[in-house]
Every structure is written in structure tokens, then in C-alpha cells.
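Report on the structure given below.
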Amino acid sequence: MNDNTINPSSESTPQNFINEIIDEHLRTNKYEGRVNTRFPPEPNGYLHIGHAKSICLNFGLAKQYNGTCNLRFDDTNPTKEEVEYVDSIKEDINWLGFNWGKTEYYASDYFAQLYDWAEQLILAGKAYVCELNAEQIRAYRGTLTEPGKESPYRNRSVEENLDLFRRMKAGEFTDGSKTLRAKIDMASPNVNMRDPVMYRILHQEHHRTGATWNIYPMYDWAHGQSDSIEKITHSICTLEFENHRPLYDWFVEQLGIHHPLQIEFARLNLSYTVMSKRKLLQLVEDGFVKSWDDPRMPTISGLRRRGYTPESIRAFTDKIGVARRDNVIDVALLENCIREDLNKKALRRMAVLNPVRVIIDNYTEGLIEELDAVNNPEDTNAGSRKIEFSRELFIEHDDFMENPVSQFHRLSPGKEVRLRYAYIIKCNSIEKDADGNITAIHCEFDPETKSGTGTSKKKVKGTIHWVSAHNAVSVEVNLYDRLFSVEDPQGDKVIDWKEFINKESLITLPACKVEPALKDAAAGDKFQFERLGYFCVDKDSKPGSPVFNRTVTLRDSWAKIEKKNG
RNA sequence: UGCCGGGUCGUCUAACGGUAGGACAGCGGCCUUUGGAGCCGUAUGCGGAGGUUCGAAUCCUCCCCCGGCAGCCA
């Protein structure tokens, strides 16, 4: 490479140890300079943010090196897999912005080839039909510190093995009565090499092959060969498969077929959540959340519904890097990514979550003024809009304090505050009901302080948002927060992880007041409610009555002050 | 106790024998008609002990700690 040559993708794309391996392969012309990866989900659940890391890695590498990335469904276990999951996985990958080309690959497409290879191993004396039951197999496997024992069926003749295996395939035997096992080494220090099961009998309909098969390949038998069939060069997976690599290597070597290189990386862990499919399934099934795409879930569909953008998730996966050490990413980084993206894109609107009525006593009754409001100060192309101002408004309950602390810069008795895009007002009195709740705040406005006129010499510390009462639209808002109240819900040996579920992870406010422009917002539309946070329209909203989901709050330095003051 | 892997700011992640840098979080400040955004500044780190070397996060030795593995799951 000459000095002027710059890898076009090397500037923006973060480098990691996998790039180094691939660069070395390219230098030595291993795999004829090809880079072919794959993303191989099992269709037994919804994809989560951890999968997003893998998706961005695999598709990203393909893009970076002008290679390909196959989407392959590892559908070798018909008892757990469903078409629903296949569809959701495709939708999520697409949404994330990746394209797998015309072909969708399925491990189930290789069942016949895998079967032939199994016979080949039997013929070579490298596989045998075992009649030990599951419990016995476990007992014979030995322990982590003790070698296993050889199965009594280990030394059958090739003819007998072939006959039995063909009859397994033909459906002559009951589930669990026999397995096909690789004949490797029962004393191997790597338990994966202790005659692993290759096939189990399962009289079960498969979502794609129907009732064709009575035996199904184990993942360990299917995965490496599937990669090999697809001529994958770099088979990237998570660390827990590291101990399986010698087995995958053994299979492809016995078969004499293309040998992909498996590279393992550390899976993503996120603070304040759980990531395993099993636990996510449990959250759904036990009703802790409403669905797989509940906005509190770390699933891709949940994040989407929460208001995350594909760009923000891709930026996140870039920032967390790829390495082999265990990691727990601070969820604050994810939140930072969506704020950063939405700050640039989201239109600003005013919304009052916990409304309290303000009456401007010296403002002409019935008068309505149109004021200019900027749609996005970060994006001049977003333009501006007109908002209507009148004598009665709603402001945020929290923006008024009857007995203000010293650092409180908003409305309080006798004090002034600016209404965003409008006037400076001063609080003169308050009305309360019998229970002492504030029902109205009486103010006067200063006509000289109209926003944008520059006629005011007044300076006030605070600016608050508001919605005019005469045309405010009432909407439902879901305030979402972290699903767990502790960083590591699984970190306690005694207390069950579900005990740490944040009971305030969802607060629904049925009657928030928003400006009329928001009435016809469509599902998925994203906004910044000024001073509050980013919100998006829930997908189940009815036309004309949007339900808003809070994606994330704005950074809140007031909250910090409050916290510091106890 | 077997095998495999891993330990760099609070959390992630760079450095590939030559000044330990970046991001997020934190703290302090500036600015502000969003207590937003932005800007500036700042503290904190090579698990430990030896060794090789002019020079070690990087190479060697020993130790300590953490993770994964005993499904007819993937």
C-alpha cells in the first residue's frame, strides 16, 4: 500500500482486533482476499441491543471490506422456533439499516447435505449411533475435572451404525431413544469434544421443512458446516462459543471442506437491564412488561417503539467498541447517543405534563396573539411555526414553587419568569382548593417584554414552557424509565433479579396539555418537548389522539442541584 | 480442583518497545429566551511482584483476581 492510499472506511469506522486479523489476512491473501461474514440468529425470540452489536459488526465489516454478510437463520431446533420470530428479525435488521441481499439463508436448507456428511463420518468410523438416554449421556460425560466414560455403543460396526442412523431418519424410533454422536475423545479436557451429540430424534414439524425430518442436527453439528457451505471467511460469534471452536474445526477437517475462521468477541451487557433471551421472554410471559416491543425492553423493537433511531443505535455500537474482555456498558452512553441524534433532528414543541392553570389578569380577555416559535434551534432548515397566546395558560406544576429555594429560577410569588416565545410574567397570587392544592396562579404580564422585540431591558433567570388553554390538546403520555432500579439486576446471589424491577419504570399521564400542532402527529414521529425530553408517538395511537412515549429526558442540571441539596 | 479466555481512568475503549489518549459519566466555569444545546477547563487508570531493556501497558517468569464450559438449547 502506498502512502497516499487511505482505506476509505478507516477514518470513520472504529478499528478493533478483528480488523487487525482481517487486515493481516488481506496482506497474506488468505481466503483470496474475500471477506464474507454472516449474522446467524436462531428464530426463537426477538433481537435485542446485544444482537445489534453483532449485526453492526458483521454487516459493518462486510461493507468496510467490500465483502458480503449473509443473514442465516440457525433453525435447527423446531421445538422453539417460529415464523413470527423470523419476520421480526428481518424487520429489525432492515430497520437498523442493513441489507442482506436477495438470499435469506437457513440452516434448514442444509439438512440434506448435513445428513450426507453425517453418513460420511459414520463410514469413516467417526460417528456412531448411541442408545444412552439423556441422563446416561450426562453421567458418561464425566465432569469438568474428571474424564468421561465411553458409551457401550461406541464401537458398533459401520454397517450397524449406518442402518440405525437411516432408520432414525426414517422415523422408526421414538424421540430421545437414540442419538448420533461424533466419536472423538471421552477424556478430552474440553467437554465439547467428549463425543458430542450430532443428531437427536424429534418427531416435530419444522417451520420450513414441515414433517420431512424425524431427526434434527444439533447446533454444533450444523453451524460450522453452514458457514463452510456459504464460504464464510470470518465466522464471528460471542465468547461462549470459544470452547466449541475445536469441535467445529474437527468437523470441517474430517469432512475436508472449506474452513472458516471463527473469531469470538465479548457480548454486550448494559447496566440497568437484563439481556438474555430467556429472561426477556420471562419479562413478557410473566407480565412485567406488556410485550416484546414494550418500550422498556432492550429489544430492538422495544427501542424503536421507545423512540430510538437506527442512527443512534449504530452510533452506540461504534462507540462501545469490540473486544474480548467482559464489559458492562453504562446505559447513560446509549441515552447520550439518542439525545445527540434527536437534538439535531427533532422538532421542538411545547407540552405540559402536569398542568396548572395560569391566569394573566392584565391580559385582555378573548385576545389571541400569534407568536413565532423556532422549530429546531440546531437546524435552521426546520423553520418556525406560529403558536397562540391568550389570557389563560397551562404551565408545568414543577415550574412553580410557593416557597422557592434560593437556586429556583422559575415562577414563585412576587417573582418573574419568561414564558418561552412570549412575555415575562410575575406571580401575584395563587388559588387553592380545600385540600391546599394549587388550582390557579394569578399573574400579570409585561407588554414591553414580548419575545423577539428587543424592547425589554429586563433580564430574568428562568424561561418556562407553557400551552395556551384555549386550544390545548389533551393527550396521554407514557413516562418510561429504566426497567431496573439497580445497575446489575443479576449481581445479587440471594435476591432474585425480578425483585429489582423498577416499579416506576412506566408512569402514564392521561391528561397532558400539548400545543395543537401535535394533534395530528403520526405514529413514530419524534419531538423534543421543550425542557422535558424527547418523545415519540406510540405505534398504537389512534389518528387524532396521539399517545406519546418519552424516549429520554433532557440532561437536567436542575435535578442535579436538587439531588445535591438532598 | 480440569480446559479455555480475560484484567488500562467510575464505565467502555485506544496504544503493538519510545510523552498512557478518546468517549460517556463526574466536577468547575462560560454562554443561553429550553436549568436544553454548545464551549472551555479539570481530577481519576496500566491487578501485584520480579526480570529483560537506555526505555515496558506492550516481551519473559511467578502470583492474584474475574468470566465461560459438564443440554438430545443456541
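Lettering of chains follows the sequences in order, A, B, ..., and the numbering in each one begins at 1. These figures come from a predicted structure and were not determined experimentally.
- Among the atoms of the strands shown, none is found under 4.0 Å from any heavy atom of Ile215(A).
- Residue side chain Ser451(A) reaches the base of U33(B) through a donor-acceptor N/O pair under 3.5 Å, judged by distance alone.
- Distance CG (Leu333(A)) to P (G10(B)): 17 Å, rounded to an integer number of Å.
- Note on Arg200(A): a side-chain N or O is less than 4.0 Å away from OP1 or OP2 of A74(B).
- The nearest whole Å value for the distance from the CZ atom in Arg324(A) to the C1' atom in U8(B) is 18 Å.
- Distances shorter than 4.0 Å separate some side-chain N or O of Thr76(A) from OP1 or OP2 on A74(B).
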Check the pair Glu335(A) / Tyr308(A) against side-chain hydrogen bond (donor to acceptor under 3.5 Å, both in side chains), numbers first and verdict last. CA-CA 9 Å; Glu335(A) 293 171 347; Tyr308(A) 276 79; 5.3 Å; no

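- Here the nucleotide nearest the side chain of Glu530(A), chosen from A70(B), U34(B), C72(B), is U34(B).
- Ser188(A) and Asn190(A) form no side-chain donor-acceptor contact under 3.5 Å, judged by distance and modelled atom types alone.
- For Arg141(A), the listed nucleotide lying nearest its side chain is G71(B); candidates were C69(B), G71(B), U34(B).
- Listed pair Ser557(A) / G36(B) meets the phosphate criterion, a side-chain N or O lying under 4.0 Å from OP1 or OP2.
- For G36(B), its base never sits under 3.5 Å from the side chain of Arg339(A) at any donor and acceptor pair.
- Residue Glu487(A) places no side-chain atom within donor-acceptor reach of the base of G10(B), judged by atom type and a 3.5 Å distance cut-off alone.
- In this structure, Ile395(A) atom CD1 and U34(B) atom P are separated by 17 Å, rounded to whole Å.
- Counting to the nearest Å, the P atom of G38(B) and the CD atom of Gln528(A) are 12 Å from each other.
- Of the candidates Asn269(A), Ile320(A), Ile49(A), Ile320(A) is the only one forming a side-chain contact (heavy atoms from CB on, under 4.5 Å) with Ile329(A).
- In this structure, of U34(B), C16(B), A14(B), it is C16(B) that holds the atom nearest to the side chain of Glu20(A).
- Among the nucleotides U13(B), A70(B), G68(B), the one closest to the side chain of Asn327(A) is U13(B).
- Across the protein-nucleic acid pair, Arg194(A) atom CZ and C4(B) atom P stand 13 Å apart, rounded to whole Å.
- Distances shorter than 4.0 Å separate some side-chain N or O of Arg325(A) from OP1 or OP2 on G7(B).
- Of the side-chain N and O atoms in Lys564(A), one or more sit less than 4.0 angstrom from OP1 or OP2 of G28(B).
- Taking atom OH of residue Tyr46(A) and atom C1' of nucleotide A74(B), one finds them 19 Å apart after rounding to whole Å.
- Donor-acceptor pairing under 3.5 Å, judged by distance alone, is absent between the side chain of Arg418(A) and the base of U34(B).
- Ring geometry, Phe251(A) versus Trp221(A): the interplanar angle exceeds 60°, so the pair is classed perpendicular (tilted spans 30 to 60°).
- The phosphate of G26(B) has OP1 or OP2 within less than 4.0 Å of a side-chain N or O from Lys560(A).
- One interatomic measurement links the two molecules: CZ of Arg555(A) to P of U32(B), which rounds to 18 Å at whole-angstrom precision.
- The backbone N or O of Ala266(A) lies less than 3.5 Å from no partner atom in the side chain of Arg325(A), so there is not a single donor-acceptor pair.
- Here the P atom of nucleotide A74(B) and the NE2 atom of His207(A) are 12 Å apart, to the nearest Å.
- Checked against U1(B), G35(B), U34(B), the side chain of Trp558(A) finds its nearest nucleotide in G35(B).
- A syn base is found at G71(B): its glycosidic angle is within 90° of 0.
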